[in-house]
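To find a chain, count down the sequence lines: A is the first, B the second, and so on, and within it residues start at 1.
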2 protein chains.
Amino acid sequence: MRASSVSGKMGTECSSERKGFRVASRLGPASLVQSAAIARRYYLDGRSKVDIAEEFGLNRFKVARMLDHARESGLIRIEIGHPGLVDVELSARLQETFGLTRAVVVDTGDDNAETLRTQVGQFAADVLAEVIGPDDVLGIAWARSVGAMAKTLPRLPGVPVVQLTGAIALPGSGDSSFDIVRDVARAAGGPAYVYYAPIVLPNAAAASALRQQSDIARAFGQVPQVTKAVVGLGLCAPGGSTLYDALSERDHAELRELGVCAEVCGVFLTATGEPVRAELTDRVIAVGAEDLRAMPDVLVVAYGTAKLPAARAALRSGLINGFVTHATFARALLDES
Amino acid sequence: MRASSVSGKMGTECSSERKGFRVASRLGPASLVQSAAIARRYYLDGRSKVDIAEEFGLNRFKVARMLDHARESGLIRIEIGHPGLVDVELSARLQETFGLTRAVVVDTGDDNAETLRTQVGQFAADVLAEVIGPDDVLGIAWARSVGAMAKTLPRLPGVPVVQLTGAIALPGSGDSSFDIVRDVARAAGGPAYVYYAPIVLPNAAAASALRQQSDIARAFGQVPQVTKAVVGLGLCAPGGSTLYDALSERDHAELRELGVCAEVCGVFLTATGEPVRAELTDRVIAVGAEDLRAMPDVLVVAYGTAKLPAARAALRSGLINGFVTHATFARALLDES
DNA sequence: GCTAGATGTACTCAAATGAGCGGTACCGGG
DNA sequence: CCCGGTACCGCTCATTTGAGTACATCTAGC
């Protein structure tokens with residue numbers, strides 16, 4: 001009925017930067033509105049540019065250019081959001097920065113240790129459930145954070161579960177502390193290569209003897225088959241790890257001398273991520289650095305920013321390729337790198 | 001170095017609707033993060049799906065499916081925004097709902113009449129500057145809102161400017177009230193077909209005589225050439241229009257009888273948008289409904305929600321095809337339609 | 001008034017993309 | 001146990017899209 005084009009041989013300059021509210025586009029309000037209408041059709045209604053061009057009486061190139069301009073000028077905003085508690089932005093940055101196969105950062109509003117453990121554990125459980133396949137063999141290290149995961153684990157495919165380290169009785173929580181691996185094995189329903197043993201023994205001979213014990217030998221025999229491992233993170237400083245706190249003053253001195261910073265699955269690491277062989281290593285019931293390195297997927301579950309230096313060591317070591325943690329932890333890691 | 005795929009024959013179900021924070025996707029956190037990373041590459045970095053597929057070791061179909069899924073599940077949000085004071089969303093809705101060629105809705109936080117007049121006037125000026133071309137002929141009606149526009153008009157191409165109606169001296173603002181058309185003509189710099197005449201005369205004979213007057217006849221001679229007109233909006237009720245308030249009680253009665261609701265550029269309209277021929281019509285110095293209908297572009301500038309019924313009449317009339325107003329006005333129009 | 005550069009427009013061709021299809025693994029119910 | 005329903009994967013084919021290019025038009029500066 002009417003001529004209906006905004007385009008044509010017209011001055012499309014817009015005068016009104018007079019109040020400074022022209023954000024980026026130098027186009028007038030009418031083009032702005034048309035751009036918006038076109039953007040809506042394209043991005044929200046999913047119509048093709050050719051369609052839109054016909055509808056508005058333009059050619060498809062004009063439509064494409066208008067869309068380009070609209071995006072440049074910020075009229076169209078595309079956000080990759082937070083659907084829930086996972087901070088996908090942080091997760092992706094963590095993953096890319098440290099070359100991980102996967103990273104999941106949980107954004108708990110609260111940084112209370114209890115909340116963190118629960119939330120991080122829950123998401124670690126989700127990640128494990130997601131990545132585990134029927135042909136995998138699952139390795140589980142003893143750690144508080146892994147315990148938190150074990151408690152909320154859904155049903156898994158019936159994979160074998162292999163205990164990777166001995167345990168330590170936790171002072172507070174009595175019962176389940178020893179049963180982390182058993183809990184996981186129950187969730188899976190597959191064969192369980194588990195044993196009762198402390199992670200550290202008074203001397204190498206005792207440890208060696210214990211490794212001969214049938215359950216333990218059987219479990220260690222399965223270690224090379226492990227395809228997915230879930231491990232905790234210990235900082236080698238007072239209060240930084242249950243293992244460290246269970247060691248003697250002499251052990252502490254040795255670790256200090258060797259420059260040990262972190263402990264992952266019974267493996268001691270320097271700040272630069274080098275695995276260290278200590279006298280202590282022979283007294284530990286756990287897989288070795290080489291076993292760990294041979295596993296295709298090693299997922300670290302860690303919370304509490306005190307452990308940051310340990311996390312850095314672990315990330316540098318190349319022994320791990322997955323990380324589940326909380327937002328403050330991830331942010332600190334990224335800030336300092 | 002490591003196997004690095006989240007895909008494969010794995011259960012990708014996610015268990016944790018347990019706390020209800022799984023928004024829409026039933027995928028686990030790891031896929032979530034990967035989807036987000038892919039979405040970022042695609043939408044924000046503008047890479048192609050083939051590229052992304054290579055980078056992540058997937059095929060392009062998988063990438064496409066993940067993106068689709070991510071969009072459906074709300075991970076990717078696309079918003080068409082507010083760059084400045086123009087509410088593009090409302091503008092587009094107004095435009096589409098009433099089949100207009102253009103609509104611009106200004107979102108002034110404030111609904112003070114003074115603010116509205118200034119802001120709406122400013123954006124009307126922008127719109128006019130944007131759509132006017134060097135080959136246009138510009139018609140200007142006398143109206144307070146058009147006056148507000150005239151005051152902030154930037155330099156226009158040197159087009160002819162044609163006065164479409166007589167004027168009324170405003171009670172308050174002394175000087176510029178008569179000079180609206182002259183202001184516009186000055187901004188354009190082209191030939192000005194202007195005259196000094198009241199919009200309404202005591203009798204048809206006086207109006208007829210005045211129309212013979214050379215300036216006025218010259219201006220009316222140009223009316224068929226007009227390609228773009230800017231007009232105001234009057235509600236035919238006390239206080240709804242300067243024209244109405246200038247009329248006699250007899251005139252009011254006539255308009256009431258004829259069911260006149262609105263006045264646009266000297267043309268009286270019923271609530272359904274029918275132009276009405278009254279005795280009064282012969283006493284008005286203004287273009288007729290047919291002249292108005294013949295103009296390819298007629299832009300209404302209106303503010304103040306009291307005039308809503310008049311706006312509805314004008315929109316139904318088919319005489320106009322552009323609208324500049326403010327957010328509360330536009331919302332009310334859309335709500336009631 | 002004229003030329004150089006900027007801007008907008010139209011077109012071609014190759015790359016990117018989406019729709020739809022068949023094959024396959026998985027799941028829950030007979 | 002088999003069987004239909006479902007979801008996923010990888011593919012082909014037709015369409016859509018973007019990059020490059022050439023041409024028209026406008027603007028600014030001399």
Side-chain angles (χ1 to χ4, degrees), chain A residues 5-15 25-28 30-31 34-35 38-39 41-73 76 129-136 154-159 189, chain B residues 5-15 24-28 30-31 34-35 38-39 41-43 45-73 76 129-136 154-159 189:
Chain A
S5 171
V6 181
S7 69
K9 307 160 195 282
M10 301 177 176
T12 85
E13 287 290 323
C14 177
S15 65
S25 82
R26 285 163 48 259
L27 271 69
S31 316
Q34 194 174 37
S35 297
I38 288 174
R41 294 287 150 96
Y42 187 74
Y43 285 105
L44 270 42
D45 305 347
R47 310 258 312 270
S48 93
K49 298 183 190 184
V50 182
D51 253 26
I52 297 168
E54 274 168 24
E55 178 179 341
F56 285 81
L58 308 163
N59 70 27
R60 69 187 185 86
F61 302 99
K62 179 81 181 168
V63 172
R65 254 169 315 188
M66 287 178 80
L67 286 170
D68 286 349
H69 281 169
R71 240 186 350 195
E72 278 164 28
S73 71
I76 301 163
E130 183 184 4
V131 301
I132 198 94
D135 301 333
D136 277 314
R155 174 137 239 88
L156 296 180
V159 298
Chain B
S5 172
V6 181
S7 69
K9 307 162 198 283
M10 300 179 178
T12 83
E13 286 292 321
C14 178
S15 66
S25 83
R26 286 161 51 259
L27 272 70
S31 316
Q34 194 174 36
S35 296
I38 288 175
R41 294 287 150 96
Y42 187 73
Y43 284 105
D45 306 346
R47 310 257 312 270
S48 92
K49 298 184 188 184
V50 182
D51 254 25
I52 297 168
E54 274 169 22
E55 178 179 342
F56 285 81
L58 306 165
N59 72 27
R60 69 186 186 85
F61 302 99
K62 177 81 180 166
V63 172
R65 269 187 282 259
M66 287 179 79
L67 285 170
D68 286 349
H69 204 166
R71 235 181 354 195
E72 278 163 29
S73 72
I76 302 164
E130 184 183 4
V131 300
I132 198 95
D135 301 332
D136 277 313
R155 175 135 238 89
L156 295 180
V159 297

Please report, rounded to the nearest Å, how far the [atom2] atom of [N] is from the [atom1] atom of [X].
{"X": "B:L58", "N": "D:dC11", "atom1": "CG", "atom2": "P", "answer": "13 Å"}
{"X": "A:E130", "N": "D:dC8", "atom1": "CD", "atom2": "P", "answer": "13 Å"}
{"X": "B:E54", "N": "C:dT17", "atom1": "CD", "atom2": "P", "answer": "12 Å"}
{"X": "A:Y43", "N": "D:dT17", "atom1": "OH", "atom2": "P", "answer": "11 Å"}
{"X": "A:N59", "N": "C:dA10", "atom1": "CG", "atom2": "P", "answer": "5 Å"}
{"X": "B:F56", "N": "D:dC9", "atom1": "CZ", "atom2": "P", "answer": "16 Å"}
{"X": "A:I52", "N": "D:dT15", "atom1": "CD1", "atom2": "P", "answer": "19 Å"}

Requested in this report: Please confirm whether the backbone N or O of A:R47 pairs with a side-chain atom of A:D45, one donor and one acceptor, at under 3.5 Å?
Outcome: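 The answer is no, because no donor-acceptor pair under 3.5 Å joins these two groups.
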
Say you draw a straight line from [atom1] of [X] to [atom2] of [Y]; how long is it, rounded to the nearest 0.5 Å?
{"X": "A:I76", "Y": "A:Y43", "atom1": "CD1", "atom2": "OH", "answer": "5.0 Å"}
{"X": "B:I52", "Y": "B:K62", "atom1": "CD1", "atom2": "NZ", "answer": "14.5 Å"}
{"X": "A:H69", "Y": "A:S31", "atom1": "NE2", "atom2": "OG", "answer": "11.0 Å"}
{"X": "B:K49", "Y": "B:E54", "atom1": "NZ", "atom2": "CD", "answer": "15.0 Å"}

**Report entry** D:dT17 phosphate, OP1 or OP2, under 4.0 Å from A:S48 side-chain N/O
**Finding:**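 Yes, within the criterion.
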
Query raised in the report: Would you say A:K62 reaches C:dT9's phosphate, i.e. side-chain N/O to OP1/OP2 under 4.0 Å?
Result: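 Yes, A:K62 has a side-chain N/O under 4.0 Å of OP1/OP2 on C:dT9.
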
**Report entry** N-O pairing of B:R71 and B:D68 below 4.0 Å
**Finding:**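 A salt bridge is present here (some side-chain N lies under 4.0 Å from a carboxylate O).
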
Requested in this report: Using the closest heavy atom to pick a nucleotide of DNA chain D for each, name whichever of B:R65 or A:D51 lands nearer the 5' end.
Outcome: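 Final value for this comparison: B:R65.
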
What nitrogen or oxygen pairs link the protein and nucleotides 18-22 of chain D at under 3.5 Å?
residue : atom : partner : partner atom : Å
D:dG18  : OP1  : A:K49   : NZ           : 2.8
D:dG18  : OP2  : A:K49   : NZ           : 2.2
D:dG18  : N7   : A:R60   : NH1          : 3.4
D:dG18  : O6   : A:R60   : NH2          : 2.7

